Amino acid sequence: MIELDGLTKRYGEKVAVDGLTCTVRPGIVTGFLGPNGAGKSTTMRMILGLDHPTAGDVRIDGSRYEQLTDPLTCVGALLDAKAMHGGRSAYNHLLCLAQSNGIPRARVGEVLETVGLMAVARQKAKGFSYGMSQRLGIAAALLGDPRILMFDEPVNGLDPEGIHWIRNLMRSLAAQGRTVFVSSHLMSEMAQTADHLIVIGQGRLLADTSMADFIRRHARSYVRVRSPQRERLLDALHEAGVTAVEAADGALEAEGDKAEQIGELAAGHGIVLHELSPRQASLEEAFMRLTAGSVEYHAQSAAAPGNWGADRQGGTA
Amino acid sequence: MSTHQPPMPQAPGAPDWQAAPGGSYPGYTSPIPVVRTHLGHAVASEWTKIRSVRSTIWTLSVFVFLVVGIGLLVGALVSAHASESSLSGTNPLSFGFFGLLVGNMCVITLGVLTTASEYGTGMIRTTMTACPSRGRVLAAKAIVFFVVAFVVSLVSVTFVAMVQSSMLSGSGTESPSGGAWLKATVGVSLYMALLGLLALFVGSIIRHSAGGITIMIGLVLAPLVLALFMATESLHSVRDFLFEYSFPSQLGVFYDSTLSGSGPRGWDPLWIMLGLAAVAGAGAYALLRNRDV
Ligand SMILES: Nc1ncnc2c1ncn2[C@@H]1O[C@H](COP(=O)(O)OP(=O)(O)OP(=O)(O)O)[C@@H](O)[C@H]1O
Ligand SMILES: [Mg+2]
C-alpha cells in the first residue's frame with residue numbers, strides 16, 4: 001500500500017506536484033494518468049525517496065522509503081529504462097542490485113528468464129534496444145519479488161508480444177495480492193490493464209475512482225444510427241426529445257444510452273435502419289475530456305486530436 | 001525448478017478489487033527470505049560495480065603501465081649514465097617519483113568516475129532505490145575505491161622500488177632505511193589512494209565526470225603553474241608557499257629523508273591529503289543528503 005498525504009513538490013517557481021492525497025491499494029492494478037508534465041514521474045520519484053517533497057508525506061506500508069531495511073523486497077520500480085551503466089552486462093547490473101539487498105544470486109537468472117533476456121545476459125546494456133532495456137528494467141523491478149510494484153510507462157518501446165506479456169504480468173502480480181502502480185499514456189492499453197485510476201493534471205488530483213466509474217462519469221455515451229431516411233429519423237428523434245448530431249460519415253449520433261427507445265421509435269414511424277449501435281465511450285475520450293483544461297503542452301497542428309481541447313490553435317507550422 | 005514461482009500469467013481473471021481490506025497492510029508475501037541490509041551488502045554491490053566496467057580496467061592498467069614503465073625506464077637510464085660520484089648519497093627509491101607524477105591522473109579519473117558516472121547514466125536513481133541510505137552508498141563507494149586504489153598502487157610501487165634499488169645497488173647510492181622503504185611504498189600508496197578518494201568526493205559533489213576530472217587536474221596543477229608566473233618580489237612568500245605545497249613537491253616529500261627547510265616534511269603530505277579528503281567527504285555527504293537524486 002502506498003499512501004500519499006498532501007504531497008507537494010516545487011522546482012523553483014514551478015509546482016510539479018500539488019497537494020496530492022490518495023492511496024494505492026494492494027490486489028489491484030492502479031493506473032496513474034495525466035498529460036505530459038502533469039507530475040507523474042515526479043510523484044514516483046518522491047515515493048522512492050529520490051526527490052524530497054516540498055510538503056506532505058509518502059508512506060510505503062506505513063513507513064518512509066528511507067526507513068525500509070529491505071527496500072527491493074518491499075518495492076520494485078521501473079522509472080527510466082536507460083538508468084543503468086551502458087558498459088555493464090545485464091547480468092552484472094542485476095547482480096549488483098541483488099547484492100545490495102542480500103537477494104540470492106539465483107534470482108538474477110530467474111528474472112532474466114522471466115523477461116526473456118537470458119540469451120543476452122552477458123552482453124553490455126548499451127547495445128540493447130529500447131525495448132530490451134525496458135525488459136531489463138522490469139527484471140530489476142521483479143528482482144526482490146516485491147509486494148509493491150511501480151512502473152513508469154512500462155510499455156514504451158515494447159513489441160506487441162511484449163505489451164501483451166506485461167499486461168498479463170501486471171494483472172497476475174495484482175491477483176497475487178501485490179500493489180501495482182503504473183503510469184501510461186496508452187489509454188487503450190490502460191483500459192485493459194487497470195482496475196482503478198488516479199488522474200492528475202498540473203500536479204493536482206483530478207480523479208481517483210474505479211475504471212468503470214471513471215468512464216461512466218467522464219465520457220459521453222451515444223447511440224450510432226444509420227438510416228436511408230435520415231431527415232425523417234431526425235424529426236422523429238427531435239419530437240421524442242432525443243438530441244442527435246450528424247457524424248462525419250452521414251450517420252447520426254444520438255446522445256445517451258437509448259438504443260431501445262430509438263429502435264422502437266423508428267419502428268413506430270416505419271423508418272428503415274441500417275445500423276443501431278450503442279457506443280461505449282473510450283477511456284481515451286474520457287481522459288481527454290477530464291484533462292482538457294490542464295494540458296500544458298499542446299501540439300500546434302491542424303490535425304490536433306478531438307475537439308475537446310480548451311484552446312486549440314490554428315496550424316502555423 | 002526453484003522453489004520460487006516466477007510471476008507469470010497463469011491466473012488473470014478480474015481480481016476482486018473490493019476485497020482490499022483494512023487492517024495492517026495486507027498483500028503478497030514473498031518466499032524470498034527478507035534480509036536486513038547493512039553496509040556489507042552495499043560494499044559487495046559496489047565491488048561488483050567497480051569490477052564490471054571497462055573504465056576501471058583501463059584506468060588501472062594505464063596507471064600500472066605508467067608507474068612500472070616510467071620507473072623501470074628511469075632506473076635503467078640512471079644506472080647506465082650517472083656517474084658514481086653524482087649518485088652518492090641519493091635515495092635509490094626516489095626514482096619511483098616520476099611514474100606517480102604522471103600516473104596520478106589515472107587514479108583521479110577512476111575516483112571521479114566511481115561517483116560521477118552514475119549521474120551521467122541515471123544509474124544513481126537505481127542505486128539509491130536499492131539502498132536508500134545515501135551515506136551508506138557513499139561510504140561503500142569510498143571503501144571499495146580506496147582499497148582498490150591502495151592495493152594497485154602498493155603492488156606497482158613496491159615492484160618498481162625493489163627493481164630500482166637492485167638496479168642501482170653498488171652504484172654509489174645509499175642503502176635506504178626501513179623508514180624510507182615504508183614511506184616510498186605504503187606511504188606513497190596511501191597518498192595516492194587518498195588523492196583518488198578526494199576525486200571520488202569531488203565527483204559526488206560535481207555530479208559530472210568531465211567536470212570533476214577537470215577540477216581535480218586543476219587542483220593538482222594549479223599551485224605549481226601559478227607559482228611559475230609569480231615573478232614579482234612582493235609575491236615571493238606566496239610563491240614559495242605554492243611551490244612547497246604543490247602536488248609534485250608533496251609527492252617528493254615521500255622520497256626525501258632531509259628534515260631541513262620549510263614546507264611539508266616527513267609524513268605531513270599524507271595528513272594534509274587526509275584532511276582535504278575528510279573535508280570533501282563531509283561536503284559530499286551533506287550535499288548528497290539534501291539534494292534530490
Ligand atoms: N528536476 C527538475 N527540475 C525542474 N523541473 C522539473 C524537474 N523534474 C520535473 N520538473 C517539472 O515538473 C513537471 C512534472 O514533470 P514530470 O516529469 O513529473 O511529468 P510527467 O507527468 O512524468 O510527464 P510525462 O508524461 O511527460 O512523463 C514538469 O513541468 C517538469 O518540467
Ligand atoms: Mg514521466
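Proteins get letters first, then strands, A, B, ... in listed order; numbering begins at 1 in each. Only a predicted model underlies this, so the values are computations on that prediction, with no experimental measurement involved.
- Contact record, B/Arg134 with A/His52: NH1-NE2, 3.5 Å, taken as the closest heavy-atom pair.
- For chain A, the nearby parts of B/Thr126 are the backbone and the side chain; heavy atoms of each come within less than 4.5 Å.
- The environment of CZ in A/Arg10 is sparse: at most 12 heavy-atom neighbours from other residues, nucleotides or ligands sit within 6.0 Å.
- For the residue pair B/Tyr28 and A/Arg147, the shortest heavy atom distance occurs at O-CB, 3.5 Å.
- In this structure, chain B has a heavy atom under 4.5 Å from the side chain of A/Pro104, while its backbone stays farther away.
- Heavy atoms closer than 4.5 Å to chain B are found in the side chain of A/Lys9, but not in its backbone.
- In this structure, chain B has heavy atoms under 4.5 Å from both the backbone and the side chain of A/Asn101.
- Considering all non-hydrogen atoms of both residues, A/Cys96 and B/Lys49 come closest at SG-CG, 3.8 Å.
- Atom CZ of B/Arg125 sits about 13.5 Å away from atom CE of A/Met44, to the nearest 0.5 Å.
- Note: B/Met123 CE to A/Leu97 CG = 5.0 Å, rounded to the nearest 0.5 Å.
- Residue B/Ser133 holds its OG atom at 12.0 Å from CG of A/Leu68, rounded to the nearest 0.5 Å.
- Atom CG of residue A/Leu50 and atom CG of residue B/Asp292 lie 8.5 Å apart, to the nearest 0.5 angstrom.
- Only the side chain of A/Arg45 comes within less than 4.5 Å of a heavy atom of chain B; its backbone N, CA, C and O stay farther away.
- Atom-to-atom distance recorded for B/Ser30:OG and A/Arg107:CZ is 7.0 Å, nearest 0.5 angstrom.
- When every heavy atom of B/Ser52 is checked against every heavy atom of A/Arg88, the shortest pair comes out as OG-NE, 2.9 Å.
- Of all non-hydrogen atoms in B/Pro132 and A/Pro71, the two that sit nearest each other are CD-CG, 3.4 Å.
- Checked by atom type and distance alone, the side chain of A/Thr69 never pairs as donor or acceptor with a backbone atom of B/Thr37 at under 3.5 Å.
- For A/Tyr91, no part lies under 4.5 angstrom from a heavy atom of chain B.
- When the candidates A/Asp61, A/Ile148, A/Leu78 are compared by the number of heavy-atom contacts under 4.5 Å with chain B, A/Asp61 comes out ahead.
- Looking at B/Thr29, there are no atoms closer than 4.5 Å to chain A (heavy atoms on both sides), in backbone or side chain.
- The two residues A/Asp145 and B/Pro31 have their closest heavy-atom pair at OD2-CD, 3.3 Å.
- Heavy-atom pairs under 4.5 Å with chain B were tallied for A/Glu113, A/His93, A/Arg167; the largest tally goes to A/His93.
- Contacts of B/Arg291 with chain A are made by backbone atoms alone, with heavy-atom separations under 4.5 Å and no side-chain atom involved.
- Residue-environment remark: CZ (B/Phe65) stays at or below the threshold of 12 foreign heavy atoms within 6.0 Å.
- Proximity to chain B is limited to the backbone of A/Leu143, based on heavy atoms less than 4.5 angstrom apart.
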